[in-house]
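Below: one structure, written as structure tokens.
All values reported here derive from a predicted model rather than from experimental measurement.
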Amino acid sequence: MREMAGRDKKLRLLYGAAFLMLMAVETLIALYVHDRVVRPYVGDMLVVLVVYCFVRIFVPVKGRRMPLYVFLFAACVEVLQYFDLVTLLGLSGSRFARIVLGSVFDVKDLACYAAGCLLLCVWERAVRRKICE
């Protein structure tokens, strides 16, 4: 039992560190990168990693389908952008809300989210193998 608690703590710390690092990278991209590749594609791919790592801080074990759930969550947010959720909530004047919730629907974003989730599956397999050995 103690071995499991130690493994859970290691995983929580790993996911917490990954969350902080990825969040910093996402913030830097949002503030300073204004190109046609990194910001729109890499940024969208990384956002699912940020969400995943955040969730994994609280749910470090089980959940093999977590990348799928993160993708579904991201896809729902993207679909809500199609319906202009920011305006529906009366937050169109808030720059923060437009950045966090997004304001433009784009099918390519869904592909980026899927690519990010596939990357998560590969990363998760490698991390689990290393930590659980």
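Looking only at side-chain heavy atoms (C-beta outward), Pro40 and Asp35 come within less than 4.5 Å of each other. Residues Glu124 and Arg56 meet the side-chain proximity criterion, which asks for heavy atoms closer than 4.5 Å.
Enclosure of atom CZ in Phe105 by more than 12 non-hydrogen atoms of other residues, nucleotides or ligands within 6.0 angstrom is indicated. When the shell of 6.0 Å around CE of Met23 is examined, it contains 12 or fewer heavy atoms from other residues, nucleotides or ligands.
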Derivation of the side chain to side chain contact (heavy atoms under 4.5 Å, CB included) call for Ile29 and Val38: CA-CA 8 Å; Ile29 288 172; Val38 174; 4.1 Å; yes
Criterion ring-ring contact (aromatic ring centres under 6.0 Å, His included) on Phe71 and Tyr113, from CA distance to verdict: CA-CA 6 Å; Phe71 172 77; Tyr113 301 150; 7.1 Å; no
Worked check of side chain to side chain contact (heavy atoms under 4.5 Å, CB included) between Asp44 and Asp106: CA-CA 11 Å; Asp44 283 346; Asp106 190 349; over 6 Å; no
Check against side chain to side chain contact (heavy atoms under 4.5 Å, CB included), Val79 and Phe83: CA-CA 7 Å; Val79 169; Phe83 294 106; 3.8 Å; yes
Test side chain to side chain contact (heavy atoms under 4.5 Å, CB included) applied to Val33 and Leu28, step by step: CA-CA 7 Å; Val33 179; Leu28 291 172; over 6 Å; no
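Listed for the Glu78 side chain is no donor-acceptor partner under 3.5 Å among the backbone atoms of Val107.
Of all heavy-atom pairs between Val50 and Glu26, the closest is CG2-CG, 3.8 Å. Taking every heavy atom of both residues into account, Val70 and Val48 meet most closely at CG1-O, 3.6 Å. Residues Ala97 and Leu91 approach most closely at CB-CB, 3.8 Å, considering heavy atoms. Shortest non-hydrogen contact noted between Arg98 and Gly93 is NH1-C, 3.9 Å. The minimum heavy-atom distance linking Leu22 with Cys53 is given by the pair CD1-SG, 4.0 Å. Closest non-hydrogen pair, Val59 versus Met66, comes out as CG1-CE, 4.4 Å.
At a threshold of 4.5 Å between side-chain heavy atoms, the hydrophobic network of Ile, Leu, Val, Met, Phe, Trp and Tyr places Leu120 and Met21 in one connected group. The hydrophobic cluster containing Leu101 does not contain Phe54, counting ILVMFWY residues as joined when their side-chain heavy atoms lie under 4.5 angstrom apart, directly or transitively. The same ILVMFWY cluster, assembled from side-chain heavy atoms under 4.5 Å apart, contains both Leu119 and Leu68. A chain of hydrophobic side-chain contacts below 4.5 Å, direct or via other Ile, Leu, Val, Met, Phe, Trp or Tyr residues, connects Val25 to Leu20. A continuous path of hydrophobic side-chain contacts links Phe58 to Phe19 [ILVMFWY only; heavy atoms under 4.5 Å].
Between the SG atom in Cys117 and the CE atom in Met45 there is a gap of 10.5 Å [rounded to 0.5 Å]. We find the CG-CD1 distance between Leu13 and Ile57 to be 9.5 Å, quoted to the nearest 0.5 Å. In this structure, the separation between OH on Tyr52 and CG on Leu46 is 15.5 Å, given to the nearest 0.5 Å.
The aromatic rings of Trp123 and Tyr15 sit perpendicular, their planes meeting at an angle over 60°, well past the 30° parallel limit.
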